[in-house]
K.L.:
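Handing you a structure now.
Both counts, for ligands and for their atoms, begin at 1 and track the order of listing. Just so you know, residue 1 is the first one in the sequence shown, and it goes up from there.
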Amino acid sequence: MKKKLIKQKDKFIKFIKRIKTDHLLKKYINNNILFVTFVLTCVFNSTILRFLTMHILENYVSIKPIIADAAVVVLVGAIGYLLKPKNRFTYYLIFDIIFMALCMINSIYYTFYTSFASVSMLSLTQYIASVGDAVVENVLQPKDLIYILGPIILIITHLRLKRGNYYKKIEVRSERKRKTIKTLIAGACLVVLFTVMLSPLDISRFVKQWNREYVVMKFGIYVYQLNDIISSVQPKINSLFGYDKAMKEFKEYFADVKKSPNNKYTNIFKDKNVLVIHAESIQNNLFDLQFNGQDVVPNLKKIASEGMYFSNFYPQVSVGTSSDSELTFTTSLMPTQSGTAFVSYFDRTYNSIPKLMNDKGYFTFSMHANTADFWNRRAMYEHLGYKKFYSKADYEVTSDNIVGLGLSDKEFFKQSMPKLKKINEKYDKWYGLMIMLSNHTPFSDVEHYGDYEVNIKEEVTKEDGTVEEVIHPYMEGKKLGNYFKSAHYADQAIGELFQELEENQLLDDTVVIIYGDHDARLSRSDYDYMYNYSTETDSKLDKDDPNYKEYDSYQYELGRKVPFIIWTKDMAGSDLNMEVKDVMGMYDVMPTLGNMFGFYNKYQLGHDIFDINSNNIVIFPTGNWVTNKVYYNSQKEEYLSLDGSAISEEEIKKNNQYTTKVLNISNNIIVYNLLEKSKDEMLTYEERS
Ligand code: GP9
Ligand code: MN
């Protein structure tokens, strides 16, 4: 075995030496000049496209997309060898033009949308068509024409070869086959080389596909476009089969659904403005935490104590995280079972809060200082019914106002203020969503979070009677500790926002709604360390220690709660100023707000919390569910009693069936676009009551 390996190694070294001495490379190029030109021109075009669009150092130095582009082009080019030399040029020219067109379309598209084209967006051409002339006049630039050079070079090469005797050489079929196989092997080697260079982040973003700039930067334009076609076609295929069954189940499910009777909260906020704050990664457990007497989130605590605070509230996200929360909040539907609604099913009909508010004469908008295509929001918002989306392009983002992923929350709120003022002046009533960004995983931008310390300070009396302050920096440098710093920053930003809203008289007639979009995705062991830290040993307590209390998987699951707050200026001290402890999920928001603002969606899956109260059940995309009494884990098929009482097998079965049913109905509504057919039945609250 060893001998064999040494022999192979010698052979390889000899081959490498021969490349130099026998001018193998030169000979190869001379014999395959058309193929080589084809590969070079296509890779050149894709590289130029990346260089002219994304001006980030990482993009200029990355070798990965070049290898990926080369792999695609070599594999396509290999098939050309199956053809006779005289037909080969036509084959290469066709593909050279296709690749050139891809680059050119994306170059134009990028100027217009700062993102790359997707075939799934073809349904949005109605919006593009209306600005068609503007595209030609303002968007088509000389740089978009550079890609034509590729086919021109290929044609020139062909003409020169034609003059020589390149095409006169006879290539028998077996030789053509041999060349094809060798080239395919070379292409496969490039694929392998590229694959081993990928990071887990690259792969996850590739699968999700919505972060198009990132995918192009790492995978090149050709792989991106191929992946785009597959991920755009997949939802269409999913919805081809099973429509009738899905429609039947959907009709049966909603046949008996009636609007619940009015309650104490019906119409309490009718015609008031609404400002929804999507608080990135804010968890409920932050409310109970202090370091040296300083709250982690003092402003949120204050707001919660003055308003309606739902302290047992769960996000219901799947892989779509922030976008899933937005979906569930605005439509009372659950995330889809595969893909994400925002990306794969953005073109479906949704009964959403913005649409119902539009019907009531509200001006609806969303503000988020990230690129409009993040989570495909630009496209999805058209279908959710927002009248206007203020995205990154509407904000001034400079290198010194960035925290974490993008524009800092403080700056975002500050720059949003003039926009809000204008909206308030122009429109009688408005509904707006503001999406925060700074408090985002991996919480590593610590130097920008401010000087909040996550340590324990102790006063220790020494033997000589003097008192000394001892600092235990136990959470400093830990991811969880950094999260607290980051959350503290976000909380300060919310405090500043409230101040600015007040100064601009924007709180007088406005209901502010705050929700944490999902948990911070931190590890259980980080919490275990924090809750079991001992200052005596400056480490985590030993498992055998009588004081050790494991932060178990149930505590972890229950700890993923987020806050949900409804606040108005005059609520403190009133009947509405309360803590609601009944379990509630993101899908209950639309029904609950609907009752308060006077809109109704028949096809909501959650409930008005003031109607269902303690009987509520919150389901999760995993099949888990939680009630006031029990948290049930469907993978382990076991439960944790939350009130000390036991639960019958019968009740577990009933809740499991309910969970499966609702997840299925929700998925079918989205995948089969069932609401499109039920559009006429989407009545507003007034019309129904
Ligand atoms: C991005 C922001 C974060 O614009 O909403 O999304 P997430 O990574 O939390 O899903
Ligand atoms: Mn998020």
K.L.:
Any atoms of ligand 1 less than 4.0 Å from a non-hydrogen atom of His518? List them with their elements.
P.N.:
9 (O)
K.L.:
Distance to 0.1 Å, residue and atom name: give those for the protein heavy atom nearest to atom 8 (O) of ligand 1.
P.N.:
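Of the protein heavy atoms, His440 NE2, 2.7 Å lies nearest.
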K.L.:
Both conditions, 6.0 Å and 45 degrees, for the charged tip of Lys388 above the ring of Tyr381: are they met here?
P.N.:
no
K.L.:
Quick check against the 3.5 Å criterion: does Asn227 have a side-chain atom that pairs as donor or acceptor with the backbone of Phe206?
P.N.:
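Such a contact is found between Asn227 side chain and Phe206 backbone.
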K.L.:
Record the part of Arg521 in heavy-atom contact with ligand 1 below 4.0 Å; permitted values are side chain, backbone, both and neither.
P.N.:
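For Arg521, only side-chain atoms sit under 4.0 Å from ligand 1.
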K.L.:
Would you mind listing which atoms of ligand 1 come within a distance below 4.0 Å of any non-hydrogen atom of Trp375?
P.N.:
6 (O), 7 (P), 10 (O)
K.L.:
Suppose I only count heavy atoms of Asn370 and a 4.0 Å limit; which atoms of ligand 1 are within that range?
P.N.:
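So the atoms of ligand 1 that pass are 1 (C), 4 (O).
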K.L.:
With distance as the sole test, does Asn312 use its side chain to make a donor-acceptor pair with the main-chain N or O of Lys581 at under 3.5 Å?
P.N.:
yes
K.L.:
Restricting to side chain to side chain donor-acceptor pair (under 3.5 Å), what partner residues turn up for Gln316, sequence neighbours left out?
P.N.:
none
K.L.:
Heavy-atom pairs closer than 4.0 Å: do any link ligand 1 to the side chain of His368, the backbone, both, or neither?
P.N.:
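Side chain only.
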K.L.:
How far is atom 10 (O) of ligand 1 from its nearest protein heavy atom, and which residue and atom is that?
P.N.:
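Answer, as residue, atom name and distance: Thr321 OG1, 2.4 Å.
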K.L.:
Check each atom of ligand 1 against the heavy atoms of Phe374 and keep those under 4.0 Å away; list them by number with element.
P.N.:
1 (C), 4 (O)
K.L.:
Check this for me, if you would: do Lys64 and Glu58 make a salt bridge, where the nitrogen-to-carboxylate-oxygen distance has to be below 4.0 angstrom?
P.N.:
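Salt bridge absent between Lys64 and Glu58.
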K.L.:
Is His368 reaching over with its side chain to a backbone N or O of Ile435, donor-acceptor style, under 3.5 angstrom?
P.N.:
yes
K.L.:
Under 3.5 Å, is there a donor-acceptor pair between the side chain of Ser408 and the main chain of Ile402?
P.N.:
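Not a single qualifying donor-acceptor pair exists.
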K.L.:
Any idea which protein heavy atom is nearest atom 5 (O) of ligand 1, and the distance to it?
P.N.:
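Nearest neighbour among protein heavy atoms for atom 5 (O) of ligand 1, to 0.1 Å: Arg377 NH2, 2.7 Å.
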K.L.:
Are Lys636 and Tyr554 in a cation-pi contact, defined as NZ or CZ under 6.0 Å from the six-membered ring centre and within 45° of the axis?
P.N.:
yes
K.L.:
Using heavy atoms and a 4.0 Å limit, tell me yes or no: is Glu280 in contact with ligand 1?
P.N.:
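Right, Glu280 reaches ligand 1.
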K.L.:
How many protein N, O or S atoms are found at a distance of less than 2.8 Å from the Mn ion (ligand 2)?
P.N.:
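Under the 2.8 Å cut-off, the count stands at 5.
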K.L.:
Quick check: Phe498 with Trp567 (ring centres under 6.0 Å apart)?
P.N.:
yes
K.L.:
Between Phe365 and Phe389, does the ring centre distance come in under 6.0 Å?
P.N.:
no
K.L.:
Identify, for atom 9 (O) of ligand 1, the protein heavy atom at the shortest distance, and state residue, atom and that distance.
P.N.:
Ser322 OG, 2.9 Å
K.L.:
Using the side chain to side chain donor-acceptor pair (under 3.5 Å) rule, pick out the option among Asn285, Asp519, Asn284 that qualifies with Arg560.
P.N.:
Asp519
